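Scroll down for the structure; my scribbles are underneath it.
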Amino acid sequence: MVAEISKGLEDVFIKTTTLTNIDGIKGILRYRGYDINDLVEHGTYEEVIYLMIYGSLPTKEQLNTLKEKMKKHYNISSDLLNILAKLPKNADAIGMLEVAFSVLASGEVDYKWKPDADKEKAIELIAKSLSIVANIYRIKEGLPVKNAVIKESYAETFLNVCFDKPVPKEFVNVMDKALILYADHEVPASTTAALVVSSTLTDMASSIVAGLAALKGPLHGGAAEAAFKQFIDIGNVNNVDSWFNKHVLENKERLMGFGHRVYKTTDPRSKIFKRFSETFSKYNKEVDRYYQIASKLENLATNEFSHKGIFANTDFYSGIVYYGLGFAPYMPTPLFALSRVTGWLAHVMEYVEEQERIIRPRAIYVGIDRRDYVPIDKR
Ligand code: SDX
């Protein structure tokens, strides 16, 4: 066997999947064969949850059953809420999410994976994510923690916990679509981390902690926050050229929200988030300011990088949409995580139930060969 390393595991396949299919050349993303544009246009996040867990779009009855199950688990224990409320306001939001799921993991004593029980467990964790992320937002905003009041949808219930004022139905619709857009994306670093952890047959909550730890970094989910903070740094559309020349061309800094290991054309999700940003920009002057900056920056960066297959990815415009919904600039990554809990759990269930082997790669040893031990006074 000739040992060779693929840097960053590029083009290494670690599982088969029937969940998500990406065509990086054509810029196509499909969940269980349904195109992301169709799911955003016609579907709801709850339908996508059902699709990812059970493999098909639900009937009305199946959808109602799922929603009733989730409603039972939207709220988290007062113990967990109190633990989160003790964290400092300036704590990192993803770090707080890691604490929350570590607390859930601390209660996991049954490691047996059973297909039907797994699906119920996954639905419970997806539901609990709503209150966890919403209350982390409230704690960081200096607001009292709050139990979910059940609304018609996951998106509406979530926004209702986050904000104390009524949420326009247009905002609920955009939040629902954003949850669909971030739900899954095959096996990025965070899903791979969750797969490695679950391959040892540990519990689902621990797999989510692993996914969160990987998502946090600026090369992955952290880019959603970092991309938006670029627009804040630029401040005005007239500063885009000088900012780009200084930071990206001269300093060789990575443009956050650009580039992708798989897409070598514009990420289809980026186009949808761009459309939502443009819509918001017509009603919100601040959003319009950031949208003008982002679209000019996208043009500059695309002209500069397209020959290298580097285009806008999902994180480039999503922060503007979340800002338009009323969220603070640190929220794009936690909102990414909220939705990706569905994808992480769908993949770990698929792996453990169908292909279970512990993930244990090798390393090529290139160090010094055998040496004899030398006593310390002779070194
Ligand atoms: C997500 O994998 C997924 O599916 C992730 C995701 C999901 O839904 O889960 O799609 C979500 O994480 C999207 C990516 C978010 N990250 C960023 O926006 C951070 C900025 N982008 C990158 O750092 C980079 O593009 C990656 C991490 C996304 C991909 O990295 P690769 O495939 O390892 O590419 P690379 O680092 O080897 O770069 C190849 C070349 C280099 O130039 P050369 O050394 O060959 O001259 O492209 C350049 C890089 O310098 N490059 C960039 C760039 N991205 C790559 N140059 C400037 N700005 C960038 N953003």
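Just so you know, ligand 1 is whichever comes first in the structure, and atom 1 is the first atom listed for that ligand. Note that the coordinates shown come from a computational prediction; the quantities given were computed from them, not determined experimentally.
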| field | Atom CG of D377: over 12 foreign heavy atoms under 6.0 Å | value | yes

| message | Using a 4.0 Å cut-off on heavy atoms, what residues surround ligand 1? Order them by chain and number. | response | H185, P188, P218, L219, H220, A223, R254, L255, M256, G257, F258, G259, H260, R261, R269, F305, K308, I310, N313, D315, F336, R340

| query | Which pairs with one or both residues in residues 127-146 pass salt bridge (charged side-chain N to carboxylate O under 4.0 Å, His left out), sequence neighbours excluded? | reply | R138-D164, K146-D164

| Y54 atom OH: more than 12 heavy-atom contacts under 6.0 Å | yes

| said: For residues 50-70, which residue pairs pass the salt bridge (charged side-chain N to carboxylate O under 4.0 Å, His left out) check, not counting sequence neighbours? | reply: K67-E152, E68-K71, K69-E120

| request: Under the salt bridge (charged side-chain N to carboxylate O under 4.0 Å, His left out) rule, collect the residues that match up with R269, sequence neighbours excluded. | output: D267

| For W344, which of S198, S190, S207 qualifies under side chain to side chain contact (heavy atoms under 4.5 Å, CB included)? | S190

